[in-house]
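What follows is one structure encoded as structure tokens, with my remarks underneath.
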Amino acid sequence: VQLQASGGGLVQAGGSLRLSCAHSGFTFRSYGIAWFRQAPGKEREGVSYISGSDGSTYYGDSVHGRFTISSDNAKNTVYLQMNSLEPEDTAAYYCAASPGYIVGPYVWKRVNEWHHWGQGTLVTVSS
């Protein structure tokens, strides 16, 4: 299993970024993929999750209504569209994958449930 996150950068508050997570080595319809983030000195936080089996999506409270997760199965890539960015969104963003029978709407925020992680991509939002 390989996950490659990209798309981070520096953006002003109110701006937008789109992160990409290119994945390989597993059948996406049997897995779930999530985005987490970790700011300096803080715990890793679940941002969003998409189910490979039915495309269901879930969001953390702090990003609901501003971020959108989606999947392009032809490109084996999951995206995180981030709009109305705030300085509080500054963090390293990671994508993670786990079999669908392990993760789901009630446990996706638990870091320990995720078996595979990509490297982080840094998002910095200036005020």
Side-chain angles (χ1 to χ4, degrees):
V1 173
Q2 289 192 328
L3 302 166
Q4 180 74 36
S6 61
L10 174 64
V11 64
Q12 289 188 334
S16 299
L17 279 175
R18 188 178 76 161
L19 304 183
S20 299
C21 177
H23 56 85
S24 62
F26 61 95
T27 302
F28 179 55
R29 62 177 178 269
S30 298
Y31 270 64
I33 288 181
W35 286 97
F36 285 78
R37 67 185 182 186
Q38 188 165 20
K42 294 188 177 182
E43 294 185 352
R44 195 164 291 193
E45 171 192 17
V47 174
S48 186
Y49 159 68
I50 185 167
S51 167
S53 63
D54 63 6
S56 299
T57 59
Y58 304 89
Y59 299 92
D61 291 343
S62 61
V63 306
H64 198 279
R66 300 188 297 123
F67 291 11
T68 302
I69 192 170
S70 63
S71 175
D72 185 334
N73 293 342
K75 295 183 177 180
N76 288 338
T77 302
V78 168
Y79 301 100
L80 184 69
Q81 178 66 43
M82 306 186 295
N83 298 330
S84 301
L85 283 162
E86 304 167 353
E88 293 74 21
D89 296 316
T90 295
Y93 284 71
Y94 301 87
C95 58
S98 241
Y101 70 88
I102 294 176
V103 294
Y106 304 108
V107 300
W108 71 270
K109 293 182 182 179
R110 299 177 186 173
V111 172
N112 290 341
E113 301 294 343
W114 295 91
H115 291 187
H116 309 285
W117 292 84
Q119 90 294 351
T121 186
L122 185 61
V123 172
T124 303
V125 184
S126 63
S127 57

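Nothing here was measured: the structure is a model prediction, and the numbers come from that model.
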Taking CD in Gln119 as the centre, count heavy atoms belonging to other residues, nucleotides or ligands within less than 6.0 Å. Is the count above 12? yes

Under 3.5 Å donor-acceptor pairs involving side-chain atoms of residues 110-118, not counting sequence neighbours:
unit_1, atom_1, unit_2, atom_2, d
Trp114, NE1, Trp108, O, 2.8
Trp117, NE1, Trp114, O, 3.3

Set of residues satisfying side chain to side chain donor-acceptor pair (under 3.5 Å) with respect to Gln4, sequence neighbours excluded: none

If you round to the nearest 0.5 Å, how far is OH of Tyr59 from CD1 of Ile69? 6.5 Å

Residue pairs fulfilling side-chain hydrogen bond (donor to acceptor under 3.5 Å, both in side chains) with at least one residue in residues 63-73, sequence neighbours excluded: Arg66-Asp89, Ser71-Asn73

Please name all residues satisfying ring-ring contact (aromatic ring centres under 6.0 Å, His included) with Tyr79, sequence neighbours left out, ordered by chain then number. none

Would you tabulate the side-chain donor-acceptor contacts of residues 13-31 under 3.5 Å, counting partners in other chains and residues two or more places apart, or write 'none'?
unit_1, atom_1, unit_2, atom_2, d
Ser16, OG, Asn83, OD1, 2.9
His23, NE2, Asn76, O, 3.4

At what distance, to the nearest 0.5 angstrom, does CD of Glu45 lie from OH of Tyr93? 8.0 Å

Can you confirm whether Trp35 sits close enough to Val78 that some side-chain heavy atom of one is under 4.5 Å from a side-chain heavy atom of the other? yes

Tyr101 with Tyr58, same ILVMFWY side-chain cluster at under 4.5 Å: yes

Arg37 and Val63, any side-chain heavy atoms less than 4.5 Å apart: yes

Thr77 versus Lys75, closest heavy-atom pair with distance: OG1-O, 2.9 Å

Quick check: closest heavy atoms across Val107 and Val103, and the distance to 0.1 Å? CG2-CA, 3.7 Å

Would you say Phe36 and Ile33 are hydrophobically clustered, going by side-chain heavy atoms of ILVMFWY under 4.5 Å? no

side-chain contact (heavy atoms from CB on, under 4.5 Å) between Ser48 and Leu80, intermediate numbers included: CA-CA 8 Å; Ser48 186; Leu80 184 69; 4.1 Å; yes

Can you list everything that forms a side chain to side chain contact (heavy atoms under 4.5 Å, CB included) with Ser51? Sequence neighbours excluded, please. Tyr49, Ser53, Asp54, Ser56

Only counting residues at least two apart or in another chain, list the ones meeting salt bridge (charged side-chain N to carboxylate O under 4.0 Å, His left out) with Glu88. none

How would you list all residue pairs meeting disulfide (SG to SG under 2.5 Å) that involve residues 23-61, not counting sequence neighbours? none

Applying side chain to side chain contact (heavy atoms under 4.5 Å, CB included) to Ser126 and not counting sequence neighbours gives Leu10, Gln12

